[in-house]
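Chain identifiers are assigned alphabetically (A, B, ...) following the order of the sequence lines, protein sequences preceding nucleic acid strands; residue numbering begins at 1 within each chain. Note that the structure is a prediction, hence the values are computed from the model and not measured.
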There are 2 protein chains.
Amino acid sequence: MRQGLPPSSGSSPTLEDVARAAGVSRATVSRVINGIRNVDPAIQETVRRAIAATGYVPNRAARSLVTRRTGTVALVVSGAGGGSQDDPFPSQVFTDPFFGRVAGGIVGFLRPRGIHPVLMFAETAETRAQVLTYLRQGDADGALLVSTHAEDPLPALLAEAKLPAVLFARPARAIPISYVDVDHRAGAKLAADHLVAQGRRRIATISGPLDVPASQARLAGFQDAMAAHGHPYIPCAEGGFTYHSGEAAMERLLAEHPDLDGVFVANDLMAQGALLVLRHHGRAVPGDVAVVGFDDSSAATACRPPLTTVRHPVEDMAAEMARLLLEHIDQPGRPPTSVIFEPALVVRASA
Amino acid sequence: MRQGLPPSSGSSPTLEDVARAAGVSRATVSRVINGIRNVDPAIQETVRRAIAATGYVPNRAARSLVTRRTGTVALVVSGAGGGSQDDPFPSQVFTDPFFGRVAGGIVGFLRPRGIHPVLMFAETAETRAQVLTYLRQGDADGALLVSTHAEDPLPALLAEAKLPAVLFARPARAIPISYVDVDHRAGAKLAADHLVAQGRRRIATISGPLDVPASQARLAGFQDAMAAHGHPYIPCAEGGFTYHSGEAAMERLLAEHPDLDGVFVANDLMAQGALLVLRHHGRAVPGDVAVVGFDDSSAATACRPPLTTVRHPVEDMAAEMARLLLEHIDQPGRPPTSVIFEPALVVRASA
DNA sequence: GTGAAAGCGCTAACAT
DNA sequence: ATGTTAGCGCTTTCAC
């Protein structure tokens, strides 16, 4: 072995060190690192070796100072909980297993590319302004946004400021901004077809909050599909995507339609609540009542019985969101794009 | 005197612009911004006005380049799920509502200070190395670490590298590193005292995974407290902190001790599972069996009946974790510190 | 194809 | 108490 004393000192090696080790100029090393053509293959090899030998890693700050790019994106959870001034702690949002899946999908895509998201919550006007400032200053190159309710003003603000951004789910009002979403109507149709195929005839549904586009689409898709099966009217109780709201909605449905034999619930969390209420009222699932959920979240397998549900490919969608954002960052002019994913039915015991 | 036209161009204003507007040098503006003494109050005022007028905001990259500080910390979720090479998506971890509370507490503390955590997962040797590199390069000034299992090697690696870091929960093996934790023994004692005060006499417990210090402490604390009440032996079934493991453990307990009338479950998620099994076996809660959980998580109120539980002040602990980290970053020499929080009993319907 | 040199915006000696 | 100046490590014209 040889001496190889790495550039010694306490500080980490710089371009200069690598250049010296390779016997070339800083510029050449920089070119190799940034994959710019016009570098002699032989020299390229020498430089690569020198990089390995010195253990060189580019300094972000220095690079960022000149390129005006940070190589960082913001992951913004917006429209989170209460958000009163006196509550120092943001976000019950995170509590929803859904968010974890989004984060996982995003990190799964970004990490191999050496980029790590900065986590931000934006539940008040003040914190939304903070997010905008952060992006405008160029502390991050763009934003991935997960809104928790329909009236979130952040998407519009982002679009207005022409900042690179991608949303999870279509915004309630049309806004020129990119997003990924799942085909909610198609998912609801899968549920409808399955319930009918199981021989169910007195079918009802528990919807999500109807000011959210996703809820509207799931409900409309379900109604349309059922109509096509000869069921023009479907009893519906509106929920709020929470466990408790699912219980309450199921109680209402049961009170008005004690003879129902199938129910499509707009998400798994509510379905979990519905299941408990059904059991409480002595209805066997799926014997007396078949239940189909939506999301294929962890709740689906935690249920008793395990839930037949519509799979929402959240991780893939989140990864695509990240991909789209990088695209927008690379090509600032690019018009907004949306990518819609196909759901799939996952059959378990509940229907 | 003045040009009137705000720094004009498309780019954002720099120190230079502010200096010109205020009629002073860059250095003076810098001093005002960084709150360094020895600046004439009158000039300070002028400068502040100029800053406001120009809408100046410091450039992170430039500052970071010279200070060797990023004003960024990493939030690392370590020892996450499967982590096989072929699974591109990290972390089922996030799925646990617990993590959301930690993130909320951290952001609550950091955000007012203008700092936002970078989210990282570290479930494999490779990703752990990535975290270390990230910190060593100075892309973040320190790390906040939430480990999900006992054998996580990252805390030791961090300590070895002498990187500023704070853990949530005491590490399984003693390591010279700072952490925050709750007094698990005291919490378990609260549960024991309460069950005994309710007149329960045939009491059992469901513990967490016994390789985790927190589980050991909760179990030992419970046993000791019960011993003090004259119950030297307490039946115990080990769980894994998951819903399903709670169900399984409760089944085992019931099989061996069908006459039990009280149970302390080491976390709410398992308690939720236990509750379901008890109901399934026809035991009324709290009529036949009293149940006390641990954490006061969202699961506690989602249960039927709502869970009496030991409150784990997760958000406060997370905030303290962030505070400690900033302290370590400011004073590199500082020896590791640990801060232990007191739990409290929250009485609801289950016991 | 490669090197020299000019900054990016800021802080921190060092002068004054 | 304030101004001058020298970089921090990198990319990027511009010559060669």
Side-chain angles (χ1 to χ4, degrees), chain A residues 6-7 9-48 50-51 54-72 114 136-139 141 330, chain B residues 7-48 50-51 54-72 114 136-139 141 330:
Chain A
S9 87
S11 195
S12 51
T14 72
L15 256 200
E16 186 68 49
D17 297 320
V18 180
R20 195 163 27 225
V24 298
S25 74
R26 291 209 306 277
T28 299
V29 180
S30 176
R31 288 188 186 104
V32 171
I33 286 169
N34 296 303
I36 290 174
R37 290 171 302 278
N38 296 351
V39 178
D40 186 293
I43 295 203
Q44 246 180 77
E45 193 43 38
T46 317
V47 170
R48 267 183 229 300
I51 290 175
T54 51
Y56 170 79
V57 221
N59 177 312
R60 279 202 167 189
R63 174 178 283 181
S64 173
L65 185 54
V66 41
T67 59
R68 264 95 214 321
R69 281 285 179 68
T70 60
T72 290
R136 259 200 286 251
Q137 285 181 235
D139 288 342
D141 299 334
D330 267 10
Chain B
S8 66
S9 85
S11 193
S12 51
T14 73
L15 256 200
E16 186 68 48
D17 297 321
V18 180
R20 193 164 26 225
V24 298
S25 73
R26 290 209 308 276
T28 299
V29 180
S30 176
R31 286 186 187 105
V32 172
I33 287 168
N34 295 302
I36 290 173
R37 290 173 303 280
N38 297 349
V39 179
D40 186 293
I43 295 202
Q44 250 182 73
E45 194 41 39
T46 315
V47 171
R48 264 183 233 301
I51 290 175
T54 52
Y56 170 80
V57 220
N59 177 311
R60 277 205 167 183
R63 175 180 281 179
S64 173
L65 184 55
V66 42
T67 59
R68 266 97 216 320
R69 282 283 180 69
T70 59
T72 289
R136 259 199 287 251
Q137 284 181 234
D139 288 342
D141 299 333
D330 266 10

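- For the pair A:Ile33/A:Leu15, a side-chain contact is recorded, criterion being any heavy-atom separation below 4.5 Å from C-beta on.
- Rounded to 10°, the angle separating the first-five-pair axis and the last-five-pair axis of the helix from C:dG1-D:dC16 to C:dT16-D:dA1 equals 40°.
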A:Val47 vs A:Val24, test: side-chain contact (heavy atoms from CB on, under 4.5 Å). Steps then yes/no.
CA-CA 8 Å; A:Val47 170; A:Val24 298; 4.1 Å; yes
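- OP1 and OP2 of D:dT2 both lie 4.0 Å or more from every side-chain N or O belonging to B:Thr28.
- For B:Ile33 and C:dA12, the CD1 to P distance is 13 Å, given to the nearest whole Å.
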Less than 3.5 Å apart, which donor and acceptor atoms pair up between the side chains of residues 55-63 of chain A and the rest of the protein, not counting sequence neighbours?
from	atom 1	to	atom 2	distance (Å)
A:Asn59	OD1	A:Ala61	N	2.8
A:Asn59	OD1	A:Ala62	N	2.9
A:Arg60	NH2	A:Gly114	O	3.2

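- Annotation: side chain of B:Ile43 is in contact with side chain of B:Thr28 (closest heavy-atom distance under 4.5 Å).
- Dashed line: the shortest gap from a side-chain N or O of B:Ser30 to OP1 or OP2 of C:dT11 is under 4.0 Å.
- Here the side chain of A:Asn34 pairs no donor or acceptor atom with the backbone of A:Ile36 at under 3.5 angstrom.
- The distance between atom CZ of B:Arg69 and atom P of C:dA12, rounded to the nearest whole Å, is 10 Å.
- Each of B:Asn38 and A:Ile36 was matched to the nucleotide of DNA chain D holding its nearest heavy atom; the match closer to the 5' end belongs to B:Asn38.
- No side-chain heavy atom of B:Arg31 sits under 4.5 Å from any side-chain heavy atom of B:Asn38.
- Residue order along DNA chain D, read from the 5' end via each residue's closest nucleotide, puts B:Val39 first among A:Arg31 and B:Val39.
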Below 3.5 Å between N/O atoms, which protein atoms pair up with nucleotides 5-9 of chain D? Just atom names and distances, please.
from	atom 1	to	atom 2	distance (Å)
D:dA6	N6	B:Arg26	NH2	3.2
D:dC8	O3'	B:Arg68	NH2	2.8
D:dG9	OP1	B:Arg68	NH2	2.5
D:dG9	N2	A:Ala62	O	3.3

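- Between the OG1 atom of B:Thr70 and the CG atom of B:Leu65 there is a distance of 12.5 Å, given to the nearest 0.5 Å.
- The CD-C1' distance, from B:Glu16 to D:dT4, rounds to 12 Å in whole Å.
- With a 4.5 Å cut-off on side-chain heavy atoms, B:Val29 and B:Arg20 do not count as touching.
- Between the CZ atom of B:Arg60 and the P atom of C:dC10 there is a distance of 13 Å, given to the nearest Å.
- Put simply, the side chain of A:Asp141 never gets that close to the backbone of A:Arg69: no donor and acceptor are under 3.5 Å apart.
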